[in-house]
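Letters go in sequence order (proteins before strands), and every chain restarts at 1. Side chains included, hydrogens not; waters and symmetry mates left out as well; all remaining heavy atoms used. Predicted, not measured: the structure shown is a model, and the values here were computed from it.
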2 protein chains.
Amino acid sequence: MSYYFEVKFRYRVIFEQEGGRLPQLRQSIITGDWVVFAPERAKRPSDYVWKAHQKQEKGDGCPFCIESKTSSYPERVRTLDKETTYTVPNKFPAFIEDPRMCDPKRYKIEDEFYSMRSSLGGHDVVVVRDHDQDLPRFTEAIWDDILETFTDQYKHFKDMCNVEYVMPIYNHGPEAAASIDHPHAQIFSSIIIPNIVAREISYTKQRHDDRKECSFCELIEHEKEQNLRIIFENDDFVAFTFYAARFPFEIWILPKKHQSHFTDMKGNDRGNLVKICRQIFNRLDVVLNDPPLNFFIHSAPVKERPMVSYHWHMEVAPRLTNYGGYEMGSGVIIDIINPESAADYLRMGQKVKNSAKQT
Amino acid sequence: MSYYFEVKFRYRVIFEQEGGRLPQLRQSIITGDWVVFAPERAKRPSDYVWKAHQKQEKGDGCPFCIESKTSSYPERVRTLDKETTYTVPNKFPAFIEDPRMCDPKRYKIEDEFYSMRSSLGGHDVVVVRDHDQDLPRFTEAIWDDILETFTDQYKHFKDMCNVEYVMPIYNHGPEAAASIDHPHAQIFSSIIIPNIVAREISYTKQRHDDRKECSFCELIEHEKEQNLRIIFENDDFVAFTFYAARFPFEIWILPKKHQSHFTDMKGNDRGNLVKICRQIFNRLDVVLNDPPLNFFIHSAPVKERPMVSYHWHMEVAPRLTNYGGYEMGSGVIIDIINPESAADYLRMGQKVKNSAKQT
């Protein structure tokens, strides 16, 4: 055995003697992508607890305080006005709404080599009227108005000639790319099916061909059976940490009934979605001290008929770590907390103690 | 026309009257993934110019100053010692090197539902001996030693029973996840082919089946013909901003000859790679004031024979922006500078002026 191997072996032995947990690769059953869990790379659990940041004040300096003099968003979409929210077009849209551009010849700009398109669709901002509200403590009324606006826009863009997909998202905290503190969701509507969603659809379709089951329905059943990662549950929804998480404390919220489209919700469904959202975002706030996070909704493409292999869901992505060159170059995320431990913390519902102060 | 559309139209007209450039979707010919360019979302060009951060000092506090008393890395891999670099196993490896684990039954840990594996492979750190060296100003000798170590490890892991892929990377600056300032590259060797590379391989293989050409060779030819994005070129290498960039100022460096594996370099190739790397990283430093960045090398899997459809390359990813919920949820990156403008800045080679100070 070469000196090289000797060093590596000795190192490995020390690693194991010190109680090192070996890292583990896990594959997503939704995209087929791999992630690595290397909990030894983490620092103390308390390192996940966030430090508060100074919030921007309401009033004239805030572009989303729409009654203030300096607001640059005078033109709200009045048909989407709700009691606690209103909706404005994004001032710097990533996707442009234009119902006149229906002919692919006008928006497909192929050069002889590359594929390019006009970035058509829509880009709306759903603003909570009250500047001082905050995601972890949104009232039922606010959640209901936000989710109703999402539904309205799913329906609106379904009939738009040049829109294939609608994705509502939320950025909370500057580290999660919320450049404006005033609470607001965004709705991205696009002429393309987004990359990750396209992979989810094709991977779960392939899996459905093989197993004759919706992968998401299987996932729910398996998670309930194992009961290692479930955090909250009610009649219509279940929330658990994701087995092959891309983010520490990543949570998926799924409807228990098979529904491919967000707009398939009926009866008490939305009320129960509001309930579980309030529980989840409140719990993350308590346990991790208002962490920066994103959430986004994945639904079947707006023009698709009901799909047996796809199942809409919400993903919650706390933004506690920064990706390095390996994550960016490989797409393989190196995670530092197991979803099972994350679920334990979230179920207990106590702030992760700052052990640094105790020792 | 509804009030809704009226508002949107009026908005669009204002947008265009003010000289707004419409956002644009572009598709990568290497992965098939889409990106959005929405330059209107950017602030001033000077916002790309980085603010310097205080560097950690050399000596006892630095874990990579290997002669210092407090270094936690006493065990270097002596066979990889070079004049200007040495190599140590990562203290908290994402992939564990273990040549005894050759039987898939021992590392494939399938539960009845999920796929899981022991995270085998290797995780090495290539440390530049001199703490005060810095990526933008690495000497030819340092680059040559780093690239030779990469070659050594590609060869070493090719013969390892449980390794499919080797990816060398570099993290520069804390925002690019370099937690230790002392200059160092890392080599991630893994039992899996990483997600993004797997997509590159399958997409370009499909494209090769259709067109009978290596997509990367086509890319080089097209870029040279268009001459819109090329920054540097020598006998053996060419560097240009990538048409469907995921990062602002993203640069790809490719060998002009068709080579599927990094280890296919011969003769003057490595010398010319050293030259173009020094030019690129120096130029990024001059133009953007030492921006945080990652680079990574994509090569064919170590156990593959020469591939006609794949072509090794280096990708340079400046980390000037933070992804929000849409990027994380869709995989569609919203970029704020066109690769053509980025190439202009880099070719000119002058620091982007801080217009904020002038107005």
Visitor: Answer with side chain, backbone, both or neither: which region of B/Ile196 has an atom nearer than 4.5 Å to a non-hydrogen atom of chain A?
Guide: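 For B/Ile196, heavy atoms of backbone and side chain both lie under 4.5 Å from chain A.
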Visitor: Is a side-chain donor or acceptor of A/Asn171 paired with a backbone partner of B/Gly325 at a separation under 3.5 angstrom?
Guide: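 Yes, the answer is positive, given that a donor and an acceptor are paired below the 3.5 Å cut-off.
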Visitor: Of the backbone (N, CA, C, O) and the side chain (C-beta and beyond), which part of A/Ala176 lies under 4.5 Å from a heavy atom of chain B, both, or neither?
Guide: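 The backbone, not the side chain.
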Visitor: Relative to chain A, which of B/Leu219, B/Ile297, B/Ile192 shows the most heavy atom pairs under 4.5 Å?
Guide: B/Ile192
Visitor: Between B/Ala177, B/Pro194, B/Ala198, B/Ala178, which shows the greatest number of heavy-atom pairs under 4.5 Å with chain A?
Guide: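 With the most close heavy-atom pairs to chain A, the winner is B/Pro194.
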Visitor: Does any heavy atom of chain B fall under 4.5 Å from the side chain of A/Asn322, the backbone, both, or neither of them?
Guide: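 For A/Asn322, the contact with chain B is made by backbone and side chain together.
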Visitor: Do A/Tyr326 and B/Gln186 have side-chain heavy atoms sitting under 4.5 Å apart?
Guide: no
Visitor: With a 4.5 angstrom heavy-atom cut-off, which part of B/Ser190 approaches chain A: side chain, backbone, both or neither?
Guide: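 Side chain of B/Ser190 only, per the 4.5 Å heavy-atom cut-off to chain A.
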Visitor: With only heavy atoms counted, which part of B/Glu223 is less than 4.5 Å from chain A, the side chain, the backbone, both or neither?
Guide: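 For B/Glu223, the contact with chain A is made by the side chain alone.
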Visitor: Taking atom CD of B/Glu327 and atom CD1 of A/Ile169, what is their separation to the nearest 0.5 Å?
Guide: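 It comes to 8.0 Å.
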Visitor: For the NE2 atom of B/His222 and the OH atom of A/Tyr114, what is their distance to the nearest 0.5 Å?
Guide: 5.0 Å
Visitor: Pick from A/Met167, A/His172, A/Arg199: which one has the most heavy-atom pairs with chain B under 4.5 Å?
Guide: A/Arg199
Visitor: Please enumerate all residues that pass salt bridge (Lys or Arg N to Asp or Glu O under 4.0 Å) together with B/Glu315, with sequence neighbours excluded.
Guide: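 With neighbours one apart ignored, the set is empty.
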Visitor: Can you tell me how far CZ of A/Phe188 sits from OG of B/Ser330, rounded to the nearest 0.5 angstrom?
Guide: 8.0 Å
Visitor: Tell me, out of B/Asp33, B/Val332, B/Leu293, B/Asn294, who's got the most heavy-atom pairs with chain A below 4.5 Å.
Guide: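 Of the candidates given, the most pairs with chain A belong to B/Asp33.
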Visitor: Please give me the minimum heavy-atom distance between B/Ala94 and A/Ile334, naming the atom from each residue.
Guide: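 In this case the closest contact between B/Ala94 and A/Ile334 is CB-CD1, 3.7 Å.
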Visitor: Ring of A/Phe113, cation from B/Arg207 - is the NZ or CZ under 6.0 Å from the centre and inside 45° of the axis?
Guide: yes
Visitor: Would the number of heavy atoms belonging to other residues, nucleotides or ligands and lying under 6.0 Å from CD of B/Glu340 be above 12?
Guide: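 Yes, CD of B/Glu340 has more than 12 neighbouring heavy atoms, counting only those of other groups under 6.0 Å.
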Visitor: So for B/Glu218, is it side chain, backbone, both, or neither that comes closer than 4.5 Å to the heavy atoms of chain A?
Guide: both
Visitor: Rounded to the nearest 0.5 Å, what separates atom OH in B/Tyr323 from atom CZ in A/Arg319?
Guide: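 Output value for this atom pair is 10.0 Å.
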